[in-house]
Amino acid sequence: MKVKVGDVVLPGDYCDEIASVGAKSKVLIGPGLKKEIDHVFVTKAGVLKKRNPSTFWVDSYQKRYIPCRGENAIGIVHQKAGDIYRVDIGGSCTASLSYLSFEGATKKNRPEVQIGDVIYAKILVASKDMEPELVCVDSHGKKGCLGVLSDGFVFKCSLNLIRKILSPSCPLLDSLKNEWPFELAAGMNGRIWIKANTLRETIAVGNAILGAEYLSDDEIKTMCNNIASILTGHIS
Amino acid sequence: MKETIVSNSEKAFVQKLITSGHRLDGRTYKETRNHQISFGSDYGSCIASLGETKVMAQVSCEVVQPKQIRPNEGILYINVEVGPMAAPQFEANRQSDLTVYLNRLLEKCYKDSKCIDLESLCIVVEEKVWSIRVDVKILNHDGNLIECASIATLASLAHFKRPDVTRAGDKVIIHTMTEKDPIPTVLYHYPVCLTFAIFGSDILISDPSYIEEAVCMSVVDEDNVGGGLLVVGINQYKEPCLLDLTGAAIHSVNIVHKAILSASERGKLIIDIVKKSIISDDTLRQKRARINYKDIITNEHRQSLIRKELSIRLKNFNTNELKQESEEEMDQDDDDDVKIIEPSKYDIVATLPKTAEINAKTGKSAWIEISSDSEVE
Amino acid sequence: MVEEDLKDFKLKPMKCELNFLNKSDGSAILAQGETVVLVSVNGPLDIKSTSQNMEKATLEVIFSSKGGKPTVSDRFKENVIRQTCETAIFGCLYPRTGITITIQELEDYGGLLPTTINCTCLALLNSGLAMRHVVAAVGCALDEAGNLIIDPTNDQIQTATATMYFVFDSREKNLVTGFSTGTFGEGVYDEALERCRAASDLVFNFYRDIVASYCNVIG
Amino acid sequence: MEEYKVLQPFKYFNDHISVNVRPDGRKFDQQRSIKLNANSVNTADASSLIKCGKTSVVCGISLELATPKAEEPDNGFLVTNVELLPLCSSKFKPGPPSDYAQVVNNTVNDILKNSKCIDLKDLCIVSDKLAWVLYCDIACLEYDGSIIDACLATLMTSLKTLSLPHVIYDIETEEIKVDVNIRHPLKVTGLPVATSFVIYQSPDSNVALMDPTSFEEEMCGGNGANLVVCWNQGLLCGIHKFGGATLGTDGHKKLLNVAKERSKTIEEVINTCIANETSE
Amino acid sequence: MPLDYRRFNGPEDSVSYKQFSTNFTRSYDELFKGLFDENGKRIDGREFTEARPLYTKTNVISQAKGSAYVELKNTKVVCSVFDPREIVGHQNEYSIYGQIYCEVKFAPFSCPRRRRGLAPDTDERALSANFKTAIQTAIQSTKFRNFQMDVFVYILEHDGACLAAAINAACLALTDAVVPMMDIFSARTAAVINNQIFVDPTEAEENLALMPTDNETNHGIITLTVIDHLRNITDLQQIGSIDADCLIKVIDILLEECAKLMPLFKDLIIDNVFEQYKEHQVYLSIKKQVNEELSNKVKEWTLIVKDK
C-alpha cells in the first residue's frame, strides 16, 4: 500500500515520496526502511518521519537492541577472557572490549574491571556478520564520560524511551535537573544508569524516567513537579 | 542464550535500599503485588498473575488403570513447563533445574499434603480410576514463580469439574457435560505457597520481584552474611504443609517463626481471593454468561506503565487517569481474473508382471544434458 | 462465480493487546471471536553453533496446545507457521542468530490456525524485527448447501463439508501458505481464494489500527 | 559440472531456470518416469512399491483385530505412518521421526481422511465388540523429492488391492474364527492423487516446478514441496501450501490444471497396474 | 512402552488376525511334518543342503554412497552405506579406529506372524549388534580415523536367513561405496532341527528350530561369515543347543556354501567396474566437447574485442 510521511506504516508498504525526493538529490533512509529495486519498502511498523533536507526513518517500538556503529551503550562485564572482556550489551551476542581501550591503560597497569561491573562505552565496530567491539576512549583519547560506572543503579527500558528522553525537545531532563542534583548515563541499548545523593532521589529519577514513556510533554512537566513535591515531603 | 547476570551496582543499590527500609517499587516489606485470577471457558483452566508474573494452569482428566499398590485411589500428576515464553534464557522442552524445583514444591504442596480426596476419584476398584493431570505453564517470569504457580494450580483444581460417571454392571458410561452436570473436585484444605526473600540476617521481604530475587540469590555466593529464598506452604487453617529454603543457612530461628506468622495471614488473604473468584465465576456460569480468556485483554495496558506496575516507584506516587482511544472496523474491495493452460503427454505401458510404467518423453533439451547415470531412453 | 458486494461483510470481533509479556522482546495476545492465542517472540538471540545458519537467522517455532501432551498435529502447525514467517522476516539481516516464536493456545473455538498466524504477525511487529511484508490469515468453510462462509463460527465449521485457510502477504496479496480439509470443486476453491483475499484487507486494516493506537501514544 | 553444482548451488540452479529448463533436463511442468509394482511383499496383506524418478517408496498393509473405541462403537481404525528411514538419504538421522517426517505423516493422513475413500464403518465387524485395524506402514527407501505424491500413490494401490478375510464372531462365547481363504475386497471410493510443486523466486518472476527433486526442493526454501494439490476424480480434496515464494491467482489456476492432468495419468498407471496384477 | 507421541498409534489391544485362523496353533510334530513334501524333500522342492538362488543388484539408492538389494527367493533386504562423517554423540578421546554405526530394521509388514513395531525393539538391536561384529573385521577402519560410517539395513520381507542376506547385502554395498576393505566376504545360514541340517532355512524352518521342545535332539540356527581368499571365518553366530560334532559338520557345509557365492559376487563387482568406467569415458568426452565449445566462443569474443 502507498503511504506518505506522517502515516502509520506496516512492513510491506512503499513510499513514492522518498523515491521522488531521491530522484532529485541524495536521500538518507534510516532504520525501518529498505531500498529494493523498484520502491523504498517499509520493514518495521511505526510512524514514517521526515527531517527536512532528505532524511526519512520509521519510529517503531523495539526492546531488543541491534548494535550499530558510533552509538554509546551501557554493558555489564560477563567474563574476562585473556586480554579482552566479554561485555553483555543486550544484543544477540556479547561484545568484546580490550583492556587497552581504556584511557591511560598500558600492558603493565591494566584498568581494574571486575566481573559484573557496569561500563559506558562507544561501539567501535558493529555489523550483522561480526561480533560488536566496544571502546572506552573517545576520539581524542580522553576518558570523557566513558569507562566504568561505580555504584548508582542501572535498569532496562525500551529503546523508544531512550530516544525520547535524549531528544532535545523532551522537557523531562531539564525539569528534573533543577530539582535535585543527579548523574545519568543513557545507553542506546535500552539501559539507563542513574546516581543521586540519596537512595530516594535515585529512585525518584528512575520513577520519572519510566513514567514518562507514554506521557505528552506537559503531562511530563506535571509529573516531575508531583515527584519533586513528594521528595521534599509536602505530600507524605 | 545465557541469563544476563546481575551487575554489581544493582546488587549494592538494592541491598542498601532494602536495609534502609524501602523497596525498589515502593512496596513495604509485607506488601505483595496485586493478584489477578481469570478463568477460561472450560472447567479447570485458569491464568493467575502476580504483578507481571503470569502462570497458566490447565487441568485435564482421563480414565486409567490404578497402580497396583493403591487400587482404590485416583492419580494426580503435576507437570511444570518453563519455555522461552517465560524469558529468553529458557529453552523449549528441556528439563532445567528450575522446572524440577517448581515441580517438587508443587507436588509437596498438593500431592503429599493430601489436599485432594483421591478415594473419591475411584470408579471401579483395581480397574478404572480418574487420573487428573495439571499442566502448569509459566507465561512470564517476573520473580516469585512458585507463589504464582501455586495460586494458579489451586484455583484450577478448585475450579475443575469432572464428568459424571454411572456404572451399569461392568460397563461404565461417561456422561458428557451436557447430559449430566459435572462433579466438582473435593478439596479437604486449600494450601498455597508463599515466598520470602531473606536479606542480611533478619530482614524478610514478601513477594520478591525478579531483580530482588536475583540480587538475594547472588548475594549468597559472596562470603558475607546469608541471603536466601524461604518458601512456606500454608493452608487456610494456618497449618504449614511445606517449608523450603534455598540459599545460605539461617542463623536465628525467630526468622522462620516470623515468616510463618506473616505467611499465615497473607496466605489467608490469598485463599480468600481464590475462593471469591471461584464463587463469582460459578454465579456467572449459572447466569449462562460466556466466560472466555478474551476478557483479560484490555487496551489500557499501554498506559498502565505509568500506574502500578512501574518497576521503580516512589511509595505514594500516582498520577491522573489518561484518556483511551477505541478502535473500529473499515470495509474493503476485491478483484479476480481467469487463466488457461495446455496439457502434457505421456504413454503408459504395462511392462513387467504386476507393474505399470510411464516413460516420460524427455525431448532433447537445448542445454547439453550431462547426467552421471547413463539412463538411455 | 457470483460477484458479491462485500461492503456489509464483517470479520469476527477481534481484540488484541501488544506487549502483554514484559520479559519477551515482542508479545501479543489476540482474540478472534471466541478463539484466543498468546504469542511471544524473542528477537535475534545467540544459539549454539551447531544450529546456526551462515546466511540467515534460524527460526524456531514452539506450539503448545491447551492439553499439554504434544501431538503430531502440533508439529504440523509449527511447520506451517515457520514456513509463513520465514518468507515474512528478513532473515538475512540477522545471520547466525536464532529467533524463537512460542505460541500458547488459550481458547479454541474454531479457526485456531488463522488466529495463531495473525497473532504471530502482531507479535513480530511488536518485536521490531525487520519484515518483508505483513501476513494475514483468513479461514472459510463450505457448508452442505454449497455456499461459502468467510471466517466461520465454530458450529459452522463442525457442520461444514470443507474448510480452507489462506495466508496472504500485504505487498501483492499473493498466497503465502494455505491448506484445506474436506473435498470441494475447483470453482469453489477459486471463489474462496478471491473472497478470502478481499477479506484479508480487513485484517491488514485491523493491524494498522492496533499499531496506530500504540504509535500515537509513543508520539 | 558437478563441482559447479556443489560450489555455487543457487547460481547453478538459476542458470538452468533462466534458460527455462531444469537441472535434469525436464520442462517445468513435466514429471519423472514412474514404475509402480503391486503385491511384491507376500507377508503383508497388501503392498506396493513405487519408483518415481529417484524417489522409491514401499507401502505395506497389515491387518489386526481390536475392540472399537467407546466413543465410536461402530468405527474401525485406519492408522497410516510414514517412515523416512535413515537409509533413504543422508538428511535423515536414525531414531524417532524428525519434525519433517511428522509433517509428511500428518499431510498424508489429512489427505486420506479428506478424500473419504475408506469408510471406517466398513471396517467394523461387530459394533462395540470387534473391528478391523488397518496398519498402513509407508517406508521411504530413496528420498529425492515429492515424497507425498509417492506415498499417496503406493497407499492407494495397496488399499485397492487389499482384501479382508472372513471373520465369524460368536456373541455369547466371544470366540473369533477367521477363515483365511474366503476374502472379500475392501470398498475404496475415489482415488486421491497428490501432485507437489516447488515455487522458485527467480529475480523476475515466480516459477513453479512440478514433481521436484530434493535438490530443487532445497533451492526453494528448505524442506519439502511448497504446494501439494490433491485431486480425487474431478474434485479437489486438499490444497496445502507451505511457504516458498508467493503465488498470484494466474499461476494458481495454471497449477491446478497441471495437477488435474497429472492426476489422470497417475490414476491410469494405478488402474493398469491393478488390472495387470489381478490378471496374474 | 510409553505411548509414542511422534507417530500415530493404533489401539493398544490390537492383535494379528492370523491368531484366530485355523492352522495357526499347531503342535511341534505337525509343524515338523509340514516341513516335508510327500517324497521327503523340503516343501519348496529343495535338497536339505541346497541353498536358495541369490539375486542381487547394486547402486539401488542414488543418494547413498553405496547400496545393494539382495533377494533370497522371498527374503528381501535393502542395505545402504553413507560416507564417513564426524562421530555423532559425545566423544571423549580421539579414536584411532573409524567407527561403524550399524542399524538393522524390520519393516512392520515383513514378518508373517505378527506386525513388528515401528520403534526398534530388543531383537532388532541384537541383530544390529551381530551384524556389526560380522562386517567390522573386514573393513579397514584405520583408513577413516575418528570418523563414523553408517550402514543401514532394512528388511522388506523375512523368510529366513535375514542376517546372512543382510551381511551379503552389506558386502556388496561396501564394495559399491568403494570403502577400503581387506577382502569381500559372504555369509550363509543353516538351521538344525531334530538332528537334520537345513541349509538356508525358510522362516517356517527357522521358527521350528527356535521352538523349545522336550526331546534332546540338536536344535538351533548357525550363521557363518567367511572371508574370500584366506577362507577364514570372520564371524560365527549360533542360537540353540547343538553338540560339537554336529556343529563341525554344519560349519563344513556352510564353508562350501559361502565359497559358492564368491564367484557370483566377483562377476557382479567386475561388471560394475566396467560400467562405471564406460560411464566415465562418456562423461570425459562430453566435458571435452563443452570445453571446445567454450574455447572457440572465447576466441570469437577476443576477435570482436580486438577489432572494436
Side-chain angles (χ1 to χ4, degrees), chain A residues 61 63-64 74-79 86 88-90 92-94 113-119 148-158 161 191-195 198-216 219-220 222-223 226-227 229-231 235-236, chain B residues 1-27 87-89 142 209-211 214-215 218-219 221-222 299-325 327 332-333:
Chain A
Y61 179 84
K63 279 198 265 187
R64 172 67 57 177
I74 292 183
I76 302 173
V77 179
H78 241 273
Q79 316 159 291
R86 297 228 68 79
D88 162 45
I89 51 170
S92 72
C93 56
T94 57
V113 171
Q114 267 62 35
I115 290 182
D117 273 2
V118 180
I119 54 143
V148 181
L149 304 170
S150 56
D151 55 52
F153 181 62
V154 71
F155 60 94
K156 218 171 158 23
C157 65
S158 80
L161 183 56
R191 284 209 179 100
I192 298 179
W193 176 82
I194 40 174
K195 184 169 131 193
T198 73
L199 296 177
R200 264 166 67 78
E201 281 168 3
T202 319
I203 290 188
V205 174
N207 182 1
I209 292 172
L210 277 183
E213 177 149 19
Y214 290 111
L215 298 184
S216 63
E219 280 158 355
I220 289 177
T222 48
M223 183 187 69
N226 187 324
I227 288 180
S229 53
I230 294 170
L231 252 184
I235 322 163
S236 68
Chain B
M1 176 80 191
K2 285 197 305 302
E3 196 186 349
T4 51
I5 61 164
V6 185
S7 64
N8 300 345
S9 58
E10 274 166 324
K11 248 184 260 177
F13 184 84
V14 168
Q15 252 192 327
K16 261 199 267 130
L17 191 65
I18 288 189
T19 38
S20 71
H22 299 286
R23 276 172 81 174
L24 205 57
D25 43 21
R27 290 184 285 160
Q89 70 261 23
D142 197 24
S209 70
Y210 187 82
I211 177 99
V215 164
S218 61
V219 157
D221 321 334
E222 274 107 34
N299 42 33
E300 40 33 52
H301 179 76
R302 326 192 261 293
Q303 279 79 29
S304 65
L305 279 183
I306 323 159
R307 284 203 308 282
K308 49 198 177 322
E309 278 103 6
L310 216 48
S311 69
I312 304 165
R313 209 172 64 80
L314 286 174
K315 183 170 286 132
N316 31 40
F317 167 85
N318 53 44
T319 174
N320 40 30
E321 293 316 317
L322 274 136
K323 55 192 178 341
Q324 280 102 12
E325 299 79 338
E327 76 264 12
Q332 79 310 313
D333 51 14

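What you see below is based on every heavy atom in this structure, not just the backbone, and it leaves out hydrogens, waters and symmetry mates. None of these values were measured; they are calculated from a predicted model. In the text below, chain A, chain B and the rest are named by the order of the sequence lines, each starting its count at 1.
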Check each atom of A/Val118 against the heavy atoms of chain B and say whether the ones under 4.5 Å are side chain, backbone, both or neither. side chain
Side-chain touch B/Ser9/A/Lys195, heavy atoms, less than 4.5 angstrom: no
Side-chain (B/Asn8) to main-chain (A/Ile115) donor-acceptor, under 3.5 angstrom: yes
Among A/Ala208, A/Gly152, A/Ser150, who wins on heavy-atom pairs under 4.5 Å with chain B? A/Gly152
For the pair B/Leu17 and A/Phe153, evaluate side-chain contact (heavy atoms from CB on, under 4.5 Å) and give the outcome as yes or no after the intermediate values. CA-CA 11 Å; B/Leu17 191 65; A/Phe153 181 62; over 6 Å; no
The residue among A/Val154, A/Asp151, A/Ile194, A/Ile203 that forms side chain to side chain contact (heavy atoms under 4.5 Å, CB included) with B/Phe13 is A/Ile203
With side-chain contact (heavy atoms from CB on, under 4.5 Å) as the criterion, how do A/Asp88 and B/Ile5 come out once you've worked through the C-alpha distance, each side chain's angles and the decisive distance to 0.1 Å? CA-CA 9 Å; A/Asp88 162 45; B/Ile5 61 164; over 6 Å; no
Under 4.5 Å heavy-atom distance to chain B, tell me which part of A/Leu199 shows up: side chain, backbone, both or neither. both
